[in-house]
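Owing to the predicted nature of the structure, the values given are computational and were not obtained by experimental measurement. A note on names: the letters A, B, ... follow the listed sequences, proteins ahead of strands, and every chain is numbered from 1.
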Amino acid sequence: MLDKVKNVIIVLSGKGGVGKSTVSTQLALALRHSGHKVGLLDIDLCGPSVPFLLGLEGSNIYQCDEGWVPIYTDASKTLAVMSIGFLLKNRTDPVIWRGPKKTMMIRQFLTDVKWEELDYLIIDTPPGTSDEHITVMECMREVPCNGAIIVTTPQSVALDDVRKEITFCKKTGIKLLGIVEIFVCPNCTNCTNIFSSNGGVELAHLVQIPHLGTLPIDPRVGVLAGSTASVLDELPDSPTAQVLRGIVQHLVALT
Amino acid sequence: MQAPPPEHCPGVESEQAGQVSACAGCPNQSICSDPNKKREDPGKALVAAALKDVKHKLLILSGKGGVGKSTVTTLLTRYLARSYPDSNFGVLDIDICGPSQPRLMGALGENVHQSGSGWSPVGIDDNVCLMSIGFLLGSVDDAIIWRGPKKNGMIRQFLSEVDWGNLDLLLLDTPPGTSDEHLSVVSYLKDDSAPDSVHAIIVTTPQEVALLDVRKEINFCKKQQIPIVGVIENMSGFRCGHCGHSSEIFPAKTGGAAAMCAEMEVPLLGSLPLDPAIAKACDAGEDITSVKNPTTEALEGICSKIMSSFN
């Protein structure tokens, strides 16, 4: 399983809609920007967002002798992507599956996809601490998993769920690489954060893991959805790019 | 150890159960293929008995997480409870891995008590009661690390062993997705003799990445034949309390919920703005439905549409 993959990083959050997929895609693009070969695996089976965020909707997966060929974003083949979104005929088709079928699919994604030599494989997950997460965690015992990045927004109602995810990581022995927090008004820099008060920093302090930075909700970044443009190329001076550079440095130093 | 189902299992409820090639060798093939042995889940009868005095059930759904399903559930319940003081409302949180209702309803740290007639839900107001797995956990840090079958068992217990009493409306707050929790709750609640007793509301935010998953959820409802009351668009505009600047945090590049509703042929019930004051109040579990603001004004319209759809 994942024989040619050097490092595996899981992007997790107990809460939905906090930006896991956006962080996953931009992190993959940022790692590629710094010269690495990157894979991105989307195991959110009921709500895959990665194909849309990278503008790869409608791509088809082909099978070769060694398994499924992931989608490459361009001819340089430096970013390989796999998602259930590529296997659906129609983008509005629901995937109405109970746990065992989801487990089977994720195992297939990890064993039957022909991942080439990769420096990093980023795994984007759905919210929760259930079948998908348990399956990935079980598989991670057999591969060089570096750990998990936790994504959150600062309001208490999100932090409640994120704390559960941290407990999950601790119980299952997944190393916590750090917390990424997303918030703030896009117009004024010192502005009230839109959801509620300072949460991520306190949480990082509480559970003693690094706070990797705060990403503002930046509509300019939202506009990049649907393309493989990295924030580092398109908006090199934006706060998002600065935080991403920091995370990449942090990860490269660890690995 | 239970053997996993075969890779292309058609599903036990499918007409082809036990008949297709994938079933060969499955230990359950004989059960699936024998029409006489097919029995209804005994839980369904228990649920029907426990909920016999609950007039209407409303599922709050969204394919996407973090769009405000729980917040909308709380706001709707509180607004309805205030507008219809003679009616009784119940809220059941079936988000097993990430329960939010105890915090939003201001009931963190409450306990549920067991009595002869089952678990007593937590009273929030004179005419509102709540049940959530959050009440059964020792601490916020406790994680529920369960696969599907255990979650299903818990949902069945919530539906059959909670003493809901007489309710005019039971609102069910769900996790994102179209998986175990959703299939279980629909199979337990759906009553073919009273197809109008279960309805669904879909919550979304305006950006395409959310609408994408929400379309899947609408198709889930259509496949499961759950009537959709309509779609609520949440976080549809943001006014910064600090600089007063209005911005589209989640730009509706594809026309937002209105365009999606037209495409999917479901009604749009209304839009709720992203208001930092509401977010703060929800975090603190405060009731803000008595204050007049753009959110409560929008709620008024949405609630009257919901109530009229039940008659």
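- Around the CD atom of A:Gln63, the shell of radius 6.0 Å holds more than 12 heavy atoms that belong to other residues, nucleotides or ligands.
- Considering only heavy atoms from C-beta on, B:His182 stays 4.5 Å or farther from A:Pro94 through its side chain.
- For B:Pro149, no part lies near chain A; criterion is any non-hydrogen pair under 4.5 Å.
- With no hydrogens or angles considered, a side-chain donor-acceptor pair links B:Ser184 and A:Arg98 at under 3.5 Å.
- Remark: side-chain polar atoms of A:Thr167 are paired, donor with acceptor, to backbone N or O of B:Asp141 under 3.5 angstrom.
- Using a 4.5 Å cut-off between heavy atoms, B:Val67 makes no contact with chain A at all.
- Using a 4.5 Å cut-off between heavy atoms, B:Asp95 does not touch chain A at all.
- Here the side chains of A:Cys46 and B:Pro176 are not in contact, with every heavy-atom distance at 4.5 Å or above.
- Counting heavy atoms from C-beta on, the side chains of A:Leu88 and B:Lys216 come closer than 4.5 Å.
- Counting heavy-atom pairs closer than 4.5 Å to chain B, the top residue among A:Thr135, A:Val223, A:Asp131, A:Val162 is A:Asp131.
- The main-chain N or O of A:Thr92 is found under 3.5 Å from a side-chain atom of B:Asn219 such that the two form a donor-acceptor pair.
- For A:Lys171, the part lying under 4.5 angstrom from a heavy atom of chain B is the side chain only.
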Working for salt bridge (charged side-chain N to carboxylate O under 4.0 Å, His left out), residues B:Asp142 and A:Lys164: CA-CA 6 Å; B:Asp142 286 359; A:Lys164 296 185 198 309; over 6 Å; no

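- Of the possible donor and acceptor atoms, one in the side chain of B:Asp180 sits under 3.5 Å from a partner among the backbone N and O of A:Gly99.
- For A:Ser130 (side chain) and B:Trp146 (main-chain N/O), a donor-acceptor pair under 3.5 Å exists by modelled atom type.
- For chain B, the nearby part of A:Glu57 is the side chain; its heavy atoms alone come within less than 4.5 Å.
- Note: A:Asp44 CG to B:Asp213 CG = 6.5 Å, rounded to the nearest 0.5 Å.
- Looking only at heavy-atom pairs under 4.5 Å with chain B, the residue among A:Asp161, A:Ile96, A:Leu45 that has the most is A:Ile96.
- Considering CD1 of A:Ile134 and CZ of B:Arg147, their distance stands at 5.0 Å, rounded to 0.5 Å.
- Residue A:Glu132 does not touch chain B at all, counting heavy-atom pairs closer than 4.5 Å.
- Considering only heavy-atom pairs separated by less than 4.5 Å from chain A, the leading option among B:Glu181, B:Glu208, B:Gln207, B:Lys151 is B:Glu208.
- For chain B, no part of A:Pro126 is nearby; none of its heavy atoms comes within less than 4.5 Å.
- Atoms CZ and CG, from A:Arg91 and B:Leu212 in turn, are 5.0 Å apart once rounded to the nearest 0.5 Å.
- Neither the backbone nor the side chain of A:Ser21 comes within contact range of chain B, judged by heavy atoms closer than 4.5 Å.
- Residue B:Lys69 does not touch chain A at all, counting heavy-atom pairs closer than 4.5 Å.
- Note that CG of A:Asp160 and CG of B:Leu137 are 10.5 Å apart. Values are rounded to the nearest 0.5 Å.
- Here the NZ-OG distance, from A:Lys15 to B:Ser100, works out to 4.0 Å after rounding to the nearest 0.5 Å.
- Residue contact with chain A, scored on non-hydrogen atoms closer than 4.5 Å, involves the side chain of B:Lys253 exclusively.
- Neither the backbone nor the side chain of B:Ile96 comes within contact range of chain A; no heavy atom of the residue lies under 4.5 Å from a heavy atom of that chain.
- Side-chain N or O atoms of B:Thr178 include one that pairs as donor or acceptor with a backbone N or O of A:Val95 at under 3.5 Å.
- The candidate from B:Gly68, B:Gly177, B:Ala143 with the greatest count of non-hydrogen atom pairs under 4.5 Å with chain A is B:Ala143.
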